[in-house]
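Residue numbers start from 1 in every chain, and the chains themselves are labelled A, B, ... in the order their sequence lines are given, proteins ahead of strands.
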2 protein chains.
Amino acid sequence: MSENSGSTSTNIFVAKLSSYIDLSIEEHQVIEELTQNSMAFDEGQDIIFESEKNSSAYLLQSGWAIRYKIVPDGGRQIISYLLPGDIFGFRESLFELSDDSVQALTPVIVHCIPAENIAEICDSHTNLSLAFTWARAREQAILTEHIVRLGRRNAYERLGHLLLELLHRLQLVEKAGNSDYFLPLTQEVLADTLGLSIVHVNRTLRKLRNDLMIELDPKTRRLRILDVDALSEATGYDQSFLDQNEKPSRSPQDAIGFEEK
Amino acid sequence: MSENSGSTSTNIFVAKLSSYIDLSIEEHQVIEELTQNSMAFDEGQDIIFESEKNSSAYLLQSGWAIRYKIVPDGGRQIISYLLPGDIFGFRESLFELSDDSVQALTPVIVHCIPAENIAEICDSHTNLSLAFTWARAREQAILTEHIVRLGRRNAYERLGHLLLELLHRLQLVEKAGNSDYFLPLTQEVLADTLGLSIVHVNRTLRKLRNDLMIELDPKTRRLRILDVDALSEATGYDQSFLDQNEKPSRSPQDAIGFEEK
DNA sequence: TATCAAGGGTAACCTATGTAAATGCGCTGT
DNA sequence: ACAGCGCATTTACATAGGTTACCCTTGATA
């Protein structure tokens with residue numbers, strides 16, 4: 001872990017938020033300031049270990065990370081993926097609830113917003129508060145989908161469904177092409193995500209390849225989904241749970257989104 | 001669904017919150033007011049159907065409900081249980097994310113807090129805002145545990161683990177004895193929660209009975225866990241994810257819970 | 001009293017997925 | 001060039017859990 005100064009002019013968070021909220025110039029600046037200090041982690045390093053009673057928020061600038069939990073028998077369950085542009089960690093919970101950890105899957109750069117600053121930022125900038133709210137709601141939607149995936153789908157559907165979700169999420173931050181992206185996951189990671197064994201992930205991946213659903217180059221780790229519609233159909237994938245349609249106006253009432261049906 | 005006037009003097013929400021937050025007298029009163037209007041639902045009725053773009057919050061006064069999702073092939077996955085004292089629905093998401101539904105499992109009484117009132121209440125009453133924050137964090141911890149349960153445990157462990165979680169959550173609101181409670185769930189509901197078939201739930205339940213882990217009277221629907229420690233051990237249950245230890249002071253800084261290690 | 005539906009229980013059989021073990025390939029370090 | 005490691009791949013075999021089908025009890029309704 002080292003200190004850097006991040007100075008990208010086209011900020012990924014500004015870009016992401018702007019797609020659904022009209023940010024004021026001042027809010028732009030706040031975000032730019034927040035992302036000045038960055039921390040780098042190497043592949044395999046823990047960013048947060050068992051929650052550490054740390055309720056700071058983190059902005060993931062680049063790289064992939066996972067939130068995971070270890071079970072008594074030593075197994076690992078991956079709870080969720082953190083991709084560029086994601087906010088995480090802001091438990092805001094004063095209590096020690098879940099004790100999960102966050103680990104870098106690739107080299108990663110994050111910006112930390114100390115817990116004591118969060119309340120202040122939210123109070124003074126409606127739209128940034130909205131951003132947190134939205135991030136939480138989105139995270140919950142993703143967790144919900146993961147539960148459905150684990151509870152009600154077979155291996156083939158689980159894998160295809162996950163690959164589609166990742167494609168879709170990466171596209172939202174311009175990290176994926178029309179149907180392909182860089183997938184830095186070993187089969188072991190996939191297994192720990194989907195509640196399967198490594199061997200069965202391998203089998204299922206082969207089947208997806210044989211069915212001409214995907215192409216995966218083990219060298220470059222580039223994944224291509226050959227027929228998004230067919231795979232969506234086959235795995236029951238419905239991308240609407242990630243959609244974020246309308247740009248709401250900036251007035252608080254409308255922001256709650258109650259009036260208009 | 002009918003309108004009633006709820007007028008319990010010992011309010012379940014006051015009781016629940018008081019156990020970990022020092023409420024002001026004024027806050028007591030706000031809660032009492034919020035819980036004046038109540039709505040009743042019968043077993044099987046939908047309380048929220050596919051999110052309905054409704055971001056109101058609901059307080060569950062009495063009864064059991066489930067949050068669930070239907071998959072394309074007609075199957076149902078139950079995402080979470082809502083028990084007396086729980087807050088739900090406050091998506092606060094202006095976007096249509098997850099489209100899950102909430103349904104009453106028993107006759108249920110809820111109090112509704114319209115979306116347009118939530119912001120106002122949170123602004124003027126720090127501790128009530130805290131209550132929402134806490135409810136969200138808790139819900140996420142429960143979802144996380146559910147993911148681990150589905151991904152990394154076998155049928156026996158899943159069932160035992162769930163029964164322990166319910167015991168624990170009910171105890172927190174005085175709805176369970178030391179080791180027994182009223183369990184209004186059919187085997188079908190259990191199956192849809194745990195990603196199992198009905199038949200296998202039946203088999204597994206029998207096994208738990210044979211192992212003298214539980215007693216379940218199908219007439220009264222009373223469940224007794226005969227040896228909580230043994231069952232916890234056998235199913236990898238660790239109740240800490242639900243614990244809510246210290247009463248934080250009421251000042252905002254402390255509320256974030258950052259300073260004290 | 002007869003009927004019906006919902007839920008629990010059980011048995012026979014089938015299959016998706018797990019486990020164990022061995023092979024190969026492509027890195028990295030020496 | 002070689003050893004060694006991480007990861008993907010494949011085969012053979014074992015088993016947890018799914019499917020189908022049927023019966024029983026109970027309680028509601030006619």
Side-chain angles (χ1 to χ4, degrees), chain A residues 42-44 71 73-77 103 105-106 149-163 182-211 214-223 234-235, chain B residues 42-44 64 71 73-77 103 105-106 149-163 182-211 214-223 234-236:
Chain A
D42 271 343
E43 182 179 336
V71 288
D73 72 8
R76 172 179 67 164
Q77 175 64 43
Q103 184 174 88
L105 276 185
T106 69
R149 195 156 49 206
L150 289 169
R152 280 284 165 249
R153 297 193 219 272
N154 62 28
Y156 192 87
E157 294 163 341
R158 284 186 216 178
L159 238 184
H161 193 276
L162 176 65
L163 296 177
F182 173 66
L183 180 76
L185 307 183
T186 64
Q187 298 186 355
E188 183 177 10
V189 169
L190 286 170
D192 287 350
T193 304
L194 299 173
L196 300 169
S197 66
I198 299 183
V199 173
H200 201 58
V201 166
N202 185 290
R203 276 198 279 255
T204 309
L205 235 21
R206 172 167 27 116
K207 189 140 196 298
L208 282 167
R209 264 190 259 109
N210 288 346
D211 289 354
I214 64 170
E215 269 173 16
L216 179 51
D217 182 341
K219 289 286 159 55
T220 65
R221 293 201 166 280
R222 196 90 197 159
L223 173 82
T235 63
Chain B
D42 272 341
E43 182 181 336
W64 289 44
V71 288
D73 72 6
R76 172 178 67 164
Q77 175 63 44
Q103 183 174 89
L105 276 185
T106 68
R149 195 155 50 206
L150 290 169
R152 280 285 164 246
R153 297 193 219 273
N154 62 27
Y156 191 87
E157 294 164 340
R158 284 186 215 178
L159 237 184
H161 194 276
L162 175 66
L163 296 177
F182 172 66
L183 179 76
L185 307 183
T186 64
Q187 298 186 352
E188 184 177 8
V189 169
L190 287 171
D192 287 350
T193 304
L194 300 173
L196 301 169
S197 67
I198 300 183
V199 174
H200 200 58
V201 167
N202 185 292
R203 277 198 278 253
T204 309
L205 234 21
R206 177 176 14 129
K207 190 142 195 298
L208 282 166
R209 264 190 259 107
N210 288 345
D211 290 353
I214 64 170
E215 270 172 15
L216 180 51
D217 182 341
K219 288 287 159 53
T220 66
R221 294 201 166 279
R222 196 89 199 159
L223 173 82
T235 63

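- Atom CG in B:Asn154 sits roughly 8 Å away from atom P in D:dA16 (whole-Å rounding).
- Considering only heavy atoms from C-beta on, A:Ile198 stays 4.5 Å or farther from A:Leu190 through its side chain.
- Formation of a donor-acceptor pair under 3.5 Å by the B:Thr106 side chain with backbone atoms of B:Trp64 is found in this model.
- Residues B:Arg209 and B:Glu215 are not in side-chain contact: their nearest non-hydrogen atoms beyond the backbone lie 4.5 Å or more apart.
- Two residues are said to be in side-chain contact when any heavy atoms from C-beta on lie closer than 4.5 Å; A:Phe182 and A:Thr220 fail this criterion.
- The span of DNA chain C lying next to chain B, judged by atoms under 4.0 Å from heavy atoms, is bounded 5' to 3' by C:dG7 to C:dA12.
- Counting non-hydrogen atoms under 4.0 angstrom, B:Arg209 reaches the backbone sugars and phosphates but no base.
- Side chains of B:Thr235 and B:Leu162 form no contact here, defined as non-hydrogen atoms less than 4.5 Å apart.
- Put simply, the side chain of B:Leu150 reaches to within 4.5 Å of the side chain of B:Gln77, judged on heavy atoms.
- For D:dA16, neither phosphate oxygen OP1 nor OP2 lies less than 4.0 angstrom from any side-chain nitrogen or oxygen of B:Arg153.
- In summary, B:Asp192 and A:Arg152 engage in a salt bridge, as defined by a charged side-chain N under 4.0 Å from a carboxylate O.
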Please write out the pairs of protein N or O atoms and N or O atoms of nucleotides 18-21 of chain D separated by less than 3.5 Å, giving the distance to one decimal.
{"unit_1": "D:dG18", "atom_1": "OP1", "unit_2": "B:Ser197", "atom_2": "N", "d": "3.4"}
{"unit_1": "D:dG18", "atom_1": "OP2", "unit_2": "B:Ser197", "atom_2": "N", "d": "3.0"}
{"unit_1": "D:dG18", "atom_1": "OP2", "unit_2": "B:Ser197", "atom_2": "OG", "d": "3.0"}
{"unit_1": "D:dG18", "atom_1": "N7", "unit_2": "B:Arg203", "atom_2": "NH2", "d": "2.6"}
{"unit_1": "D:dG18", "atom_1": "O6", "unit_2": "B:Arg203", "atom_2": "NH1", "d": "3.2"}
{"unit_1": "D:dG18", "atom_1": "O6", "unit_2": "B:Arg203", "atom_2": "NH2", "d": "3.2"}

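- Counting heavy atoms from C-beta outward, A:Gln103 and A:Arg76 have side chains that approach closer than 4.5 Å.
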Which pairs, protein N/O on one side and nucleotides 5-7 of chain D N/O on the other, fall under 3.5 Å?
none

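- Annotation: side chain to side chain contact (heavy atoms under 4.5 Å, CB included) contacts of B:Val199 (sequence neighbours excluded): B:Ser197, B:Arg203.
- In this structure, A:Asp217 does not pair ionically with A:Arg222, as no charged nitrogen and carboxylate oxygen lie closer than 4.0 Å.
- With rounding to whole Å, A:Asn202 atom CG is found 12 Å from D:dT11 atom C1'.
- Contact of the B:Glu157 side chain with the B:Asn154 side chain is registered, since non-hydrogen atoms from C-beta on lie closer than 4.5 Å.
- Using a distance-only test at 3.5 Å, with no hydrogens or angles considered, no donor-acceptor pair links the side chain of B:Arg221 to the main chain of B:Pro184.
- Comparing the helix axis at one end of the helix from C:dT1-D:dA30 to C:dT30-D:dA1 with that at the other, each defined from 5 consecutive pairs, gives an inter-axis angle of 40° (nearest 10°).
- Legend: residues meeting salt bridge (charged side-chain N to carboxylate O under 4.0 Å, His left out) with B:Arg206, ordered by chain and number and at least two apart, are absent.
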